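Notes follow the structure.
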Amino acid sequence: MQINRIMVVGAGQMGGGIAQVAAQAGLQVVLNDLKQEYVDRGLTFMTKLLERNIAKGKLSGEEKDRILGRITPSISLEDAAEVDFVIEAVTENMSVKEKIFKSLDQIAPKAAILASNTSSLPITEIAATTERPEKVIGMHFMNPVPVMVLVEVIRGIATSDETFKTVHDLALRMDKHPVEVNDFPGFISNRVLMPMINEAIYCVYEGVATPKAIDEVMRMGMNHPMGPLTLADFIGLDTCLAIMEVLYQGFSDSKYRPCPLLRKMVKAGWLGKKTGKGFFEYH
Ligand SMILES: CC(=O)CC(=O)SCCNC(=O)CCNC(=O)[C@H](O)C(C)(C)COP(=O)(O)OP(=O)(O)OC[C@H]1O[C@@H](n2cnc3c(N)ncnc32)[C@H](O)[C@@H]1OP(=O)(O)O
Ligand SMILES: NC(=O)C1=CN([C@@H]2O[C@H](COP(=O)(O)OP(=O)(O)OC[C@H]3O[C@@H](n4cnc5c(N)ncnc54)[C@H](OP(=O)(O)O)[C@@H]3O)[C@@H](O)[C@H]2O)C=CC1
């Protein structure tokens, strides 16, 4: 199936990045969020990134205009009536995602594929809220989307081979490296990454060392590009907690218990880089 026009639902850090790489690949993109100001925020951030690439000599002004010209802002899910592929990238919350997929199933053309960028939630369960489970799939980009090459392509129990192939090829067209994964909590990426981040938070909680020292050990000792606590702030502590909850409940195994300090920080509204405060401060 040839994909030409897509909708990205959620214009946050992931949705904005997905819209950018899709537009760079020549696709027409409808970028949707609840309010115009959220869509504008996503477009402003994307414009800054593209301008940085112009300053580095990696992009021309005309190319920037062409990329941005392919993106149409939207604040109504009804605009999904015009697309052949939708990728949802809203908050990591099952009931919010289920509501969106139910609506999209009514609005999008019958042949359209509905994908989720969820970090951890069951694709099979999201698919079951629709009447086209064979056309529902996980397409999990990594943050920051324009830089990271991996995309996990997650098959729900009912996902068809045709849907998988279309999404696999779409990832290649976006210059990404797709990896096939079956539907288990946290898939591969967050089943492996998030317990490490959670353990780093336990190290802060138990007073093993300061956040700075913990990050230094992992950056300089293990050559990680970012320490786990900087990475947690970058991902968003709300998202990290949501993923740990999915692992904890999904496997019923205490080894995935979210650190109480993580819960406390999320309750305080210290969500990391996006709110200016997490394990570190951002101005
Ligand atoms: C939670 C989930 O479900 C799954 C996930 O996504 S888990 C998170 C996965 N991501 C990671 O692990 C990221 C780890 N960090 C890194 O790889 C690096 O620190 C980084 C790529 C983010 C930044 O790299 P760096 O070398 O420290 O900084 P810097 O030199 O400023 O940036 C490198 C490039 O990335 C770009 N970049 C940095 N931050 C960016 C952002 N937020 N958006 C877009 N581009 C960005 C820079 O413009 C630069 O581009 P060029 O090479 O074209 O000049
Ligand atoms: N952060 C990361 O590193 C990664 C995250 N993901 C996944 O991507 C998804 C998005 O995460 P991220 O971009 O970080 O989150 P953000 O909080 O940055 O963005 C989510 C966006 O979705 C909007 N939104 C919420 N509800 C709706 C709705 N009903 N309709 C339309 N838009 C809505 C939010 O608006 P408002 O601000 O009003 O809530 C916000 O603009 C999550 O599922 C997350 O797990 C995947 C890979 C990496």
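Ligands are counted one by one from 1 in listed order, and the atoms in each one are counted from 1 as well. Because the structure is predicted, anything quoted here is derived from the model rather than measured. Heavy-atom basis, side chains included; hydrogens, waters and symmetry copies ignored.
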**OP:** Mark the output for Lys274 as yes if a heavy-atom distance to ligand 2 is under 4.0 Å, and as no if none is.
**Re:** yes

Original post:
Quick check: does Val90 get an N/O under 3.5 Å from an N/O on ligand 2?
Top reply: yes

Original post:
Is there at least one pair of N or O atoms, one from Thr118 and one from ligand 2, spaced under 3.5 Å apart?
Top reply: no

**OP:** Would you kindly specify which portion of Asp238 sits under 4.0 Å from ligand 2, judged on non-hydrogen atoms: side chain, backbone, both or neither?
**Re:** neither

Original post:
Are Phe101 and Ile137 grouped together when hydrophobic residues (ILVMFWY) are joined by side-chain heavy atoms under 4.5 angstrom apart?
Top reply: no

Original post:
Could an N or O of ligand 2 be found under 3.5 Å from any N or O of Phe234, whether backbone or side chain?
Top reply: no

Original post:
If you measure from each heavy atom of Gly236 to ligand 2, is any distance below 4.0 Å?
Top reply: no

Subject >> ligand 1 versus Lys58: contacting region, heavy-atom distance under 4.0 Å >> reply: side chain

Original post:
What are the atoms of ligand 2, with element, lying closer than 4.0 Å to any heavy atom of His140?
Top reply: 46 (C), 47 (C)

Subject >> Any N or O of Asn32 closer than 3.5 Å to N or O of ligand 2 >> reply: no

Original post:
Nearest to atom 6 (O) of ligand 1 by heavy atom, Leu150, Asn143, Val145, Ile235: which?
Top reply: Asn143

Subject >> Contact partition for Arg41 relative to ligand 2, non-hydrogen atoms under 4.0 Å >> reply: side chain

**OP:** With heavy atoms of Lys97 as the reference, note each atom of ligand 2 found under 4.0 Å away.
**Re:** 42 (C), 43 (O)

Original post:
Looking at atom 35 (O) of ligand 2, what's its closest protein heavy atom, distance included?
Top reply: Asp33 OD1, 3.4 Å

Subject >> Within-cut-off N or O pair, Asn117 and ligand 2, under 3.5 Å >> reply: yes

Subject >> Side chain, backbone, both or neither: the part of Leu231 lying under 4.0 Å from ligand 1 by heavy atom >> reply: side chain

